[in-house]
Amino acid sequence: MPELIAKTALDGQGALTLIGTTLAPVDLGIITSIAPFAGQVKAIDTALKPLGLSFPPPNTTAASGAARLVWTGPDQALLIGADAPDLGTAAATTDQSGGWSALRLSGARVADVMARLCPLDFRPSAFAPGQAARAQLGHMNAVFWAEKDALMILTFRSMAQTAWDECAHALTALAARAGA
Amino acid sequence: MRYSGFKVFTEGLFGNKGWTPAWRDAAPKAEYDAVIIGGGGHGLSTAYYLAKNHGLRNIAVLEKGYLGGGNVGRNTTIVRANYFLPGNSEFYSHSLKLWEKLEGELNYNVMHSQRGQVVLFHSDGQRDAAVRRANAIVNQGDDAEILDVPTLKQLYPFLDYNQTRFPIYGGMNQRRAGTARHDAVAWGYARGADQLGVDLIQNCEVTGIDIEGGKVVGVQTTRGAIKAKKVGMVAAGRSGQVAAMAGMRLPVESHIMQAYVTEGLKPCIDSVISFGMGHFYISQSDKGGLVFGGDIDFYASYAARGNLPMLEHVMEAGMTLMPMIGRAKVLRTWGGIMDMTPDGSPIIDKTHIDGLFVDAGWNYGGFKAIPASGWCMAHLMATGQPHEVAAKFRLDRFRTGHLIDEEGTGSQHNLH
Amino acid sequence: MRIAGKGLIDRDTQVSFRFNGTSYVGHRGDTLASALLANGLRVVGRSFKYHRPRGVLTAGSEEPNALVEIMEEGQQTPNTRATVQEIFDGLEARSQNHLGSLRWDLWSLNDLAAPFLSAGFYYKTFMWPRAFWEKLYEPAIRRAAGLGNLSPNADTAPYEKAWASCDLLVIGSGPTGLMAALTSARAGADVILAEEDFRMGGALLSADQVIDGQPALVWVEAALAELDSLPNVRLMTRTTVTGAYDSGVFGALERVGLHRAPDAHLPRECFWRITARRAILASGAMERPIAFPLNDRPGIMMASAVQSYLNRFGVATGRRVTLYANNDAARVTARQLMAAGVRVAAILDSRPDASAVEDCPVYLGAEVLETHGRHGLRAIQGRHTGGEFRLDTDCLAMSGGWNPTLHLTCHMNGRPKWSADLAAFVPSDGAVPGLVAAGAANGSFSTHGALSTGHAAAVQAMADLGLTAPDLALPTAEDAPYRLTPLWSVKGKHRAWLDFANDVTTKDITQAAQEGYTSVEHMKRYTTQGMAPDQGKNSNVAALALLADATGRGIPETGTTTFRPPFTPISIAALGAGGRGKTFAPQRFMTSDQASRDRGAPMIEAGLWYRPSYFPKHGETHWRDSCNREVSYVRNAVGVADVSTLGKIDIQGRDAARFLDLVYTNTFSTLPLNRVRYGLMLREDGLVLDDGTTARLGENHYLMTTTTAAAGLVMRHLDFVHQTHAADWDLRFISVTETWAQFAIAGPKARALLNSVLDQPLGDFPFMAVGPVTVGGVKARLFRISFSGEQGYEIAVPTRYGEALFRDLVARAETMGGGPYGMEALNVLRLEKGFITHAEIHGRTGAFDIGMDKMVSAKKDCIGKRMAMREGLNGPEREQLVGLRCKTEFGSGAHLFTQGTRVHRETGQGYVTSMCYSPTLGEWIGLAFVKNGRARHGEDLRLVDHMRNTDCLVTVCNPVFFDPEGGKLRA
Amino acid sequence: MRLTCPLCGPRDRREFYYYGAEDYLHRPAPDAPIEAWDDHLHLRTNLAGVIKDLWYHEGGCASWLLVTRNTITHEVLSVERVADRKGASA
């Protein structure tokens with residue numbers, strides 16, 4: 001029998017800290033997409049109650065403990081950090097666990113780093129904790145959400161290295177400015 | 001007045017006082033045998049060949065602005081005959097042959113320069129497609145060759161062969177391709193047509209097409225009504241509006257295409273180079289500016305100006321292909337209005353209205369087509385029969401399925 | 001030379017730099033132009049066409065003459081404005097556009113031939129003999145034209161692009177901009193103040209003015225200190241707003257590192273895209289030259305530039321300066337020069353009725369008729385109301401009045417309007433939605449006008465944004481009236497330049513008019529007026545005035561040419577930052593990527609993905625050796641390939657089957673549970689969009705597979721069909737491409753290999769079955785499908801286990817006489833079986849062409865069905881998919897002809913789409929499209945490939961070469 | 001250029017894919033005459049002025065959008081989700 005060892009896309013990649021800002025890969029564990037069928041949001045909210053979550057309105061996240069539900073599109077959210085409850089026929093669910101690669105960007109210059117990567121305004125005044133967005137990181141489709149002390153970035157797993165490189169490059173250039 | 005080196009010399013000796021207008025500033029007459037709507041490259045060449053090849057003399061070109069103010073004066077000046085589908089092959093082949101005699105024909109130096117064009121390919125699949133294309137070009141009687149990477153490295157050492165995202169596998173070269181001075185083409189045809197008696201009427205916008213009993217009888221303009229036995233709609237990006245005056249919807253959607261030029265530089269790029277993994281093509285003008293372009297902006301528009309996303313994409317493509325151009329500075333960006341068809345190929349055809357003809361749908365490839373387009377449109381208007389090299393450019397081909405889709409991107413107008 | 005006590009340069013910090021190989025010293029705060037002038041250099045470049053010696057004309061980015069190359073190790077930046085370039089230790093600059101030295105430029109012979117090089121001369125000559133154009137004339141023209149040199153080396157320096165958003169973008173930091181920024185900042189708006197210069201203050205840095213009773217700089221510093229202290233304000237120096245675009249987007253170029261020695265990480269430049277809800281254009285005005293005879297000599301400069309070099313840089317631009325002006329404002333320059341101890345030879349005022357109060361000779365009604373001094377001005381001749389004069393002078397400061405810097409207001413097709421009062425164009429209101437011009441940019445030329453209109457514009461912008469600007473006392477400042485009498489040119493026997501940068505003279509304009517190029521656009525294009533690096537900033541208005549004069553029209557009737565972005569040129573590297581090298585597009589890696597590289601597999605691009613081409617083994621000298629071996633794995637044992645790049649879309653809902661029936665030509669509602677079916681998808685125009693297999697995982701649950709190339713396309717198509725035609729259907733779908741790593745296991749021993757890894761041995765699992773399995777406890781999906789014609793499976797595991805499973809499968813396969821196979825073998829295997837890829841479904845093929853018209857169900861509608869029935873897409877004239885076989889090698893892209901016909905486009909019968917050497921069949925095989933091909937199996941066609949020098953006969957056959965009955969698939 | 005996605009808010013143009021005129025919304029009946037299909041797929045009014053056309057928020061929420069805008073000025077007048085239109089379904 002084979003012994004299958006799990007590996008994240010950025011396996012072995014350490015964090016990068018410059019000018020008080022840290023870029024780090026994160027393993028988010030299980031991710032499940034939840035897509036409620038028409039008229040089923042109430043049923044889903046009931047099923048999510050034990051997790052302390054309810055289906056999030058557009059551009060927001062719902063969080064409770066380690067679990068969070070991140071809006072990713074019309075009738076679609078990603079459940080992260082918790083096993084999906086049985087939603088029966090109320091929603092279409094798929095396992096998305098390995099499909100995404102997560103980066104955590106935290107510290108003083110998050111918005112300035114992001115200003116080099118995405119047209120959205122990520123200053124806390126414009127993108128506060130609890131907010132989520134579907135947008136692009138460079139040329140890659142991505143999911144963003146703000147936590148209390150960090151910005152979370154999801155990109156497709158196959159593009160994880162490019163996502164890392166672009167974020168790291170932006171941070172490095174910013175640090176060079178600070179040193180100049 | 002005939003232009004020549006000797007004339008330039010003698011005029012120079014006497015203070016350049018003797019030059020006369022290149023064309024008359026004509027006022028509209030009450031009636032013409034043929035009226036061309038649109039004083040761009042295609043309209044002017046149509047008028048020229050109507051007079052030259054078919055002996056018509058009572059012709060007017062109606063231009064709402066100034067002659068050559070549309071796409072003929074705002075393109076990247078590339079002349080080539082490297083199409084591969086029947087319909088296009090014979091047409092552009094014919095056009096290139098006309099280009100090769102154009103200075104002599106018009107007694108106007110349009111600076112047609114056969115500097116060659118190489119279209120790079122970046123995968124085995126693209127190589128196969130390029131070979132198919134090159135063979136088709138040779139089968140048509142034109143020239144094409146496949147260049148391997150060592151040859152490319154000798155010709156274009158500045159291309160990025162190592163780090164670029166999509167490695168260069170080779171290129172398809174056409175030596176007879178090249179560039180020309182765009183304005184001069186319009187002016188040369190204008191002067192030629194004028195000398196053959198064609199009235200070139202500027203600042204004359206057509207506001208209506210008069211149709212009686214299924215037959216065209218004239219046009220309404222901002223300078224009065226003009227009677228005409230035949231009317232040719234040669235309005236490029238504005239074809240949709242002109243056709244609407246005749247109650248027609250054309251298979252055309254108008255889009256913006258941007259182009260870019262840098263400050264002047266000493267010679268560094270000798271021929272036309274096209275990137276195969278993203279629209280990007282570049283040449284250097286005789287003044288030294290790098291002239292380059294990419295794809296259309298992709299949204300329907302008449303603004304004749306573009307936005308940053310496509311501009312940036314084109315610059316990024318340039319940087320991945322030839323990072324030595326990085327320090328050339330973009331001096332000016334502009335836009336033209338492209339009449340995009342559902343298969344990327346043009347239309348030269350009669351309409352269901354007797355005496356009303358259409359020459360449209362040049363997408364963003366109209367410049368090199370100017371001589372043959374005029375030639376064939378003139379033939380059609382004069383004889384009522386399509387010219388043999390333009391016979392497939394039918395208006396009804398989208399309904400019948402006789403498509404000429406070089407890109408294979410299907411019936412979405414903006415994808416060609 | 002420097003003047004003690006003047007200027008804002010840091011006198012304590014010396015900076016050494018080189019120009020044309022000679023070392024010079026300047027100060028921090030100097031531009032290259034100011035430092036060269038301080039060192040007494042006058043000739044800094046050569047003109048474009050006539051190669052005349054040229055000196056610094058301006059003190060800003062509109063400079064047409066002082067364009068230089070900035071040199072670095074292995075790299076150089078041509079056409080750099082010396083008037084913008086800051087000096088730094090080690091800066092190396094050199095002049096450009098000369099053959100030989102700057103002083104003795106051989107190309108200056110052109111100047112002697114000037115009578116024959118008038119406007120448009122090249123359109124009239126060089127036509128005979130024809131071949132000479134390309135071989136002789138044009139190369140010579142090209143060499144002499146152009147300006148600076150580009151390095152042949154790749155520009156590997158760092159650049160970046162960035163985004164910013166704000167409530168209000170203030171463009172320019174002179175009195176107008178500072179006042180607008182202060183007003184809006186105090187209102188609490190999110191403000192960006194962008195300044196092209198490296199120091200904020202605009203004209204106040206150069207003008208030696210008084211605001212609120214103190215030197216203007218005191219007010220500037222206080223304003224900047226306040227703005228800098230506010231969290232809602234971002235100050236951006238060295239940032240030129242270069243373009244106005246739709247929806248409040250502005251482009252801006254920040255010169256991040258150009259004022260210092262190159263650094264490995266510090267970007268040279270950053271191109272900003274600024275989204276602003278409102279914008280205030282406070283870009284000031286540009287002084288315009290006067291086109292008098294021989295007005296292009298080094299030492300002839302703009303009066304405002306002379307003033308700027310004096311007050312800001314502490315440089316006297318001459319020992320005996322003459323002022324030549326048509327307005328009151330320019331007089332200040334002469335007064336300030338005298339106050340600083342610089343001798344003013346005379347003031348020449350073109351107005352006969354102007355005042356004459358200065359303590360120097362003042363000539364009224366004056367005009368300059370000739371100038372002297374080949375390499376720098378020595379003397380001028382002219383006349384005035386009192387007669388003729390000759391003056392020894394080494395610097396002529398000229399002022400023909402001012403043009404508002406309104407370029408951005410034209411970027412969205414806005415046309416400026418003519419102000420007869422100002423004899424200048426002023427911005428049209430609303431030309432750029434959300435942007436208003438204020439201060440000198442809007443024709444308010446006094447400092448008081450700047451402050452008050454800057455304030456008013458900000459108050460209005462705040463009101464638009466729902467903010468209230470607090471009351472603010474307007475500082476007091478000069479409010480001198482702007483008095484001017486237009487003076488565009490002075491007639492004389494010598495050439496008078498309009499466009500210095502393109503060497504366009506007044507004669508060129510009149511000649512263009514004489515030749516009928518009377519439309520302003522014709523004049524511009526015929527003479528090249530305004531097409532040089534300064535884009536006519538210095539000369540367009542005067543050229544228009546001359547054209548208006550020559551054609552007997554007024555200036556408003558003549559109209560203007562259009563200012564287009566960018567305001568100042570932007571490097572391609574900055575606009576294309578992020579494009580160089582691999583970062584042009586994202587890279588996508590499969591989970592097996594490292595395992596394949598470990599085995600030495602060349603990785604090739606497949607769209608954005610990288611896939612292994614083949615897995616070389618020791619002793620193999622050609623890729624085909626490896627490929628043949630890998631094919632034999634599959635035909636004889638077992639091969640393993642990573643097929644994870646195929647698109648996978650999970651589709652669920654009560655209407656999932658109905659939806660699939662709509663998007664596929666064939667029927668999926670009838671697909672049994674746990675079964676897979678091949679599907680064909682058309683575009684609405686009836687041509688093939690994609691193909692693939694779709695599995696039914698549950699009653700209302702399907703898994704669709706797309707090709708690698710079309711994965712994104714199909715997703716967009718499904719979203720379209722769903723949202724436009726089936727919005728209320730009970731249906732949800734999502735991409736799971738990235739969730740699953742999927743491996744093909746194919747060959748006679750495929751089942752054995754599978755059974756060695758599955759937790760439960762495989763039971764009855766027929767061809768086209770699908771079902772859940774587990775591997776080492778990991779939940780997986782197994783499909784019995786084949787792209788090779790052999791017994792084939794594809795096993796999908798969650799991506800995180802992909803690499804481990806791939807390594808495991810390959811290792812096991814090798815113990816069974818098999819191993820991994822790459823794209824080359826995959827291609828051979830599919831060709832042997834006659835399976836199509838996008839080489840065949842290339843966007844021009846319909847179901848009929850590939851012999852799948854029977855798959856378009858007659859019982860139901862589907863996307864593309866109607867248009868697929870068009871006559872032009874059916875019938876014997878269509879090129880149809882066939883197989884080709886041949887004993888000798890041929891290539892894809894070859895064309896096919898009926899034997900005995902000539903080789904020509906008209907006789908073409910078709911072309912080859914794919915080919916390979918089939919190790920299984922021992923011959924060369926291919927797929928092709930041939931007219932009426934299905935009726936021509938068995939016919940020998942002539943294959944001609946001019947590119948590969950192939951001319952041979954090939955036999956048309958059934959495209960399925962291998963196991964046409966499909967027995968092996970089902971084994 | 002920016003478009004305001006009804007779900008995601010104002011976004012840069014580069015997040016969106018342009019398809020074409022609203023004609024694409026009006027799919028003829030399967031047995032409609034070829035002229036109707038020609039109209040649907042090929043012929044365009046191609047107005048210089050206010051038009052409606054289809055965009056896809058490909059870099060965002062994947063909504064297909066019906067955009068009302070001016071082809072001369074590029075002014076965007078309104079954006080709605082195609083799926084949210086009244087009577088949107090087939």
Side-chain angles (χ1 to χ4, degrees), chain B residues 3 5 8-9 12 16 19 21-23 66 69 89 103 108-109 113 125 128 131-132 134-135 138-140 146 158 163 165-166 183-184 263-268 286-288 307-308 312 315-316 318-320 323-334 400-402 405 408-411, chain C residues 77 79 115-116 118 121 123-127 134 138 141-142 145-147 149-150 152-155 245-246 251 511 514-516 519 521 525 533 564-565 569-573 575-576 579-582 584-585 605 683 685 687 839 842-844 870-873 892-893 895 904-905 911 946-947:
Chain B
Y3 292 156
V8 168
F9 180 72
N16 288 301
W19 297 111
W23 55 79
Y66 59 96
S89 286
E103 280 96 346
Y108 204 95
N109 188 357
S113 177
D128 293 346
V131 170
R132 178 189 173 194
N135 278 318
V138 174
N139 290 339
Q140 173 61 37
I146 298 292
F158 50 80
Q163 294 299 313
R165 175 68 177 83
F166 298 105
D183 290 324
E263 296 173 341
L265 299 160
K266 289 298 174 195
C268 57
D286 287 346
K287 277 183 68 190
N307 276 291
L308 287 172
E312 291 178 33
M315 305 296 157
E316 288 168 17
M319 287 306 290
T320 196
M324 69 91 180
I325 61 172
R327 302 212 178 173
K329 293 195 279 293
V330 176
L331 176 63
R332 189 175 177 88
T333 69
W334 66 95
T400 63
H402 292 95
D405 186 351
T409 40
S411 65
Chain C
T77 313
N79 304 341
F116 315 111
S118 69
F121 76 96
Y123 298 129
K124 299 167 183 163
T125 181
F126 304 138
M127 287 182 277
E134 278 160 23
E138 194 185 35
I141 290 173
R142 285 170 81 91
L147 289 165
N149 284 288
L150 217 49
N153 299 327
D155 184 6
Y245 300 91
D246 289 308
Q511 189 193 321
Q514 178 189 327
E515 293 192 72
S519 148
E521 283 286 349
R525 291 156 182 263
R564 296 196 183 277
I570 313 173
S571 71
I572 293 176
L575 289 167
R580 196 182 58 230
K582 295 280 186 261
F584 175 62
E605 293 74 12
R683 306 186 302 225
D685 69 359
L687 297 167
H842 48 47
R844 289 175 293 270
R870 284 180 288 176
E871 62 184 78
L873 298 178
S892 299
H895 287 235
H904 189 267
R905 185 243 323 149
Y911 58 96
H946 307 287
M947 299 303 118

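Sequence lines set the chain letters: A, B, ... in the order given, protein chains first and strands last, and positions in each chain run from 1.
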Against chain B, label [X] side chain, backbone, both or neither, depending on which of its atoms sit under 4.5 Å from a heavy atom there.
X        : answer
C:Ser519 : side chain
C:Asp246 : both
C:Arg683 : side chain
C:Ala585 : both
C:Pro533 : both
C:Phe126 : both
C:Glu871 : both
C:Leu687 : side chain

Contact class of B:Ser89 relative to chain C, heavy atoms under 4.5 angstrom: side chain
Salt bridge B:Asp405-C:Arg844, side-chain N to carboxylate O under 4.0 Å: no
Are side-chain heavy atoms of [X] and [Y] found at a separation under 4.5 Å?
X        : Y        : result
C:Glu134 : B:Ser113 : yes
B:Tyr3   : C:Tyr123 : no
C:Gln514 : B:Asn16  : no

Supply the atom-to-atom distance [X] [atom1] to [Y] [atom2], rounded to the nearest 0.5 angstrom.
X        : Y        : atom1 : atom2 : result
B:Lys287 : C:Leu147 : NZ    : CG    : 9.0 Å
C:Arg564 : B:Arg332 : CZ    : CZ    : 6.0 Å
B:Glu316 : C:Leu575 : CD    : CG    : 9.5 Å
B:Trp19  : C:Glu515 : CH2   : CD    : 6.5 Å

Is a side-chain donor or acceptor of [X] paired with a backbone partner of [Y] at a separation under 3.5 angstrom?
X        : Y        : answer
B:Asn307 : C:Tyr245 : no
C:Thr77  : B:Arg327 : no
C:Glu138 : B:Asp286 : no

Parallel, tilted or perpendicular: rings of C:Phe584 and B:Phe166 (30°, 60°): perpendicular
Steps toward side chain to side chain contact (heavy atoms under 4.5 Å, CB included) verdict (C:His946, B:Asn139): CA-CA 9 Å; C:His946 307 287; B:Asn139 290 339; 2.6 Å; yes
